[in-house]
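Below, read A as the first sequence line, B as the second, and so on, with proteins coming before strands; counting in each chain starts at 1. Every value quoted in this text rests on a predicted model; they were computed, and no experiment measured them.
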Number of protein chains: 4
Amino acid sequence: MDKTDKCEKAEKCCDKRELIIQAALELVAEQGFHGAPMAMIAEKAGVGAGTIYRYFENKDDLIRWIYKNVEERFVEVMMQGYPENGAVRERLLHIGTELVRHLIREPLQLRFVEQFHNSPYGVDHRREKLFSEGRKDVISDLFQEALQQQIFKPLELAILFSLFFGPLVDICRDHILGFIKLDDALIEQVVGACWDALRR
Amino acid sequence: MDKTDKCEKAEKCCDKRELIIQAALELVAEQGFHGAPMAMIAEKAGVGAGTIYRYFENKDDLIRWIYKNVEERFVEVMMQGYPENGAVRERLLHIGTELVRHLIREPLQLRFVEQFHNSPYGVDHRREKLFSEGRKDVISDLFQEALQQQIFKPLELAILFSLFFGPLVDICRDHILGFIKLDDALIEQVVGACWDALRR
Amino acid sequence: MDKTDKCEKAEKCCDKRELIIQAALELVAEQGFHGAPMAMIAEKAGVGAGTIYRYFENKDDLIRWIYKNVEERFVEVMMQGYPENGAVRERLLHIGTELVRHLIREPLQLRFVEQFHNSPYGVDHRREKLFSEGRKDVISDLFQEALQQQIFKPLELAILFSLFFGPLVDICRDHILGFIKLDDALIEQVVGACWDALRR
Amino acid sequence: MDKTDKCEKAEKCCDKRELIIQAALELVAEQGFHGAPMAMIAEKAGVGAGTIYRYFENKDDLIRWIYKNVEERFVEVMMQGYPENGAVRERLLHIGTELVRHLIREPLQLRFVEQFHNSPYGVDHRREKLFSEGRKDVISDLFQEALQQQIFKPLELAILFSLFFGPLVDICRDHILGFIKLDDALIEQVVGACWDALRR
DNA sequence: AATGAATGAGGCTTCATTCAT
DNA sequence: GATGAATGAAGCCTCATTCAT
């Protein structure tokens, strides 16, 4: 009864879809796109090669779908426990801290996103997209607010984003690769440093 | 007069090699590795497919050679006019400013390096290498010096590097993609912001 | 009834593999390795180029597999109807006669083996291997026995093999090429002559 | 004055030609045709790649020329000291002995000939050619004579050749490959055994 | 005559995708 | 729906041969 309480008719269908996604995510994250042919994804997922095409139109579709989902997950995470009524600083530190925590908790997602950006798939998607949509709603608003209150240096949003998120992503990668070892205290320090870059 | 006094009749010989390098650099930068098959590189360079193999052992060799040279160029540029006797701040701002200027002057080089890092080629080369070797000699020394003088926050070198260089590379990409428009004044402001992230 | 009871619907599956093997065997036998590119093997077999790689890891694998099988067939043939309890002479004549009969019945197999031996593939496999393994079990034992009984000249096994099998292979080639026309009587004579070379 | 006393105007011309031939012979013998591209032959010969084409129309021409020469050398060797007035047996043993001695003295020549036979070049040339022309003149006559005197078994020439020369070539190969160690006494024994195969 | 840089056809292999079962 | 055998275009690389110097 373990399976059925997830969804009535989902047993096979959803299962397979998820298996495929997970297999693709892992392979791309660990080996890059060049190490993730469809046949290998199918094998790792434990499904037939043709089966993937029941769930995704083609490889592009699969990859973009995963990317979109991972991206959305990033936003979700940053919004979890978001102190809507806190000060600008508190809110921004929350976002930065939660992002870093998530990225080092889910290294495959970070690796996947990085693979995606520099690949045929990411040609048009470019970084700014990473922090777009759902996020811009809240996050952009936050940055705008900080600008209006003259808390931030008077720079374009894109630049402020780079100043804040750029180093955070970098240190996550360094952590994943074992060059540094992040803990809560250190994360707080780094996020604080990024804040220093922004503030007037 | 630099090129001509190397060889009178070298036009052909040196040209071919340079043509190949330039073609590969452009294709990889613009289309990624997937969009740069050897045949296309050869065509763009205006040489026969086999000719490339007179100058480079194989595709890996070609790509790594370009990477190495581009990397070296980065270091050269940052060291040009380096104020050896200036204050820590002055020296670091010089490095940041010159790097940004170079990257937006040579957008293909930046794009190439980014393609390289996230690809089978860059697996071992990892980002921190980007700022290694010749650079670590001088740049790491500079950071160490700033740490000892308690000018910088007490963080590991890798983190300090990310705080300083991460956003700079990001804004160059944004500039190249047309999201922002950097000029000397703006560059100075952003480099200054990165400095703020570092200092205690 | 040997083939059909293996698989009803195997026609396709087994067929493809067999078609590839047969095509490769023929091409290599008739044109040498230089005249047997994978594309041509595929075409002759009536399959796609990539299909070969479902059955064999690469060209080496295909070629070696055919070689191994042909070799095994040689041994099988020589052991068919082997008069275990016959005199040394009777047993040796059986082996020689059956080998010759088989080789001229399957000219492609002989030509293939010869192509194999003088090629990158056969570097390590050397001729003496041709008559090794399953054969050495029985055939080497036979030669040893003949030596002990002082029926043969006191020479090393390798030399005795050459004296006996060398001419047999040669005349098969001559037969295949049409220089001579072997029949049962003639085969018997030649095998007898080879016996004369061995005996004391 | 070392060079000039070979031939007046040959210094460069003949030298180069010989160097090319020697290089090709060695490479083919040691690595097979697949290990002897024209560029490598040129390098080993110490000449330019294009130079080969001044002396030989193309690769085929070069290879066939070498083959023909090596073949001629075989005949020469067998005819050296040939006891024209000796008994049939004496003459044949001379031929066999000298052939073996030569082949193990010049292993490259044997290896080359074997490479040649099983290769695009040797498709039409087949073994019987090996012992043709100049040789058939004398050697065939010898075999014919033995037939007429009813010394030999009443078999076709081609078969008699195989019985006699087949094992001899085989043991030379085995010697070169280190499987056996031939000396004068052993050579004599083996040639004697081959004689036994022929005689009535 | 000699060179060797340049060529491009052709070889081996991979992999996204289809389709008969 | 699910499968996985089959496909063939496309990628990387080699090498016999040519031709400007």
Could you give the CD1-to-C1' distance, from C:Ile52 to F:dG8, as a whole number of Å? 12 Å

Are any of A:Lys16's side-chain N or O atoms less than 4.0 Å away from OP1 or OP2 of F:dT3? yes

A:Glu43 atom CD is separated from F:dA2 atom C1', nearest whole Å, by 17 Å

Runs of at least three consecutive pairs that involve DNA chain F, where pairs are Watson-Crick or G-U with distances under 3.5 Å: E:2-21 with F:2-21

Using whole Å, report how far CG of A:Asp61 lies from C1' of E:dT17. 14 Å

Could you write nucleotides 10-16 of chain F as a row of B, S and -, 5' to 3', where a protein heavy atom under 4.0 Å of any base atom gives B, of only sugar-phosphate atoms gives S, and otherwise -? -SSBBSS

Rounded to the nearest angstrom, tell me the gap between atom CD in C:Gln31 and atom C1' in E:dG11. 16 Å

Here the distance between atom C1' of E:dT18 and atom CZ of A:Phe56, to the nearest Å, is 19 Å

Name the orientation class of the two ring planes belonging to A:Trp65 and A:Phe56 (parallel below 30°, tilted from 30 to 60°, perpendicular beyond 60°). perpendicular

Length of the line joining D:Ile20:CD1 and E:dG4:C1', which is rounded to integer Å: 14 Å

Ring pair (Phe, Tyr, Trp, His ring centres under 6.0 Å) partners for B:Phe112, two or more places apart: none

Would you say D:Tyr55 places a side-chain N or O within less than 4.0 Å of OP1 or OP2 belonging to E:dA1? no

Is there a side-chain contact (heavy atoms from CB on, under 4.5 Å) between C:Ile52 and C:Lys59? Walk through the geometry before answering. CA-CA 9 Å; C:Ile52 300 178; C:Lys59 192 173 184 178; over 6 Å; no

Looking only at heavy atoms, what is the nearest atom pair of C:Val70 and C:Val113, with distance? CG1-CG2, 3.6 Å

Whole angstrom is fine here: how far is it from CD1 in D:Ile41 over to C1' in E:dA2? 18 Å

Using the six-membered ring wherever Trp is involved, compare the ring planes of D:Tyr67 and D:Phe116 and label them parallel, tilted or perpendicular (cut-offs 30° and 60°). parallel

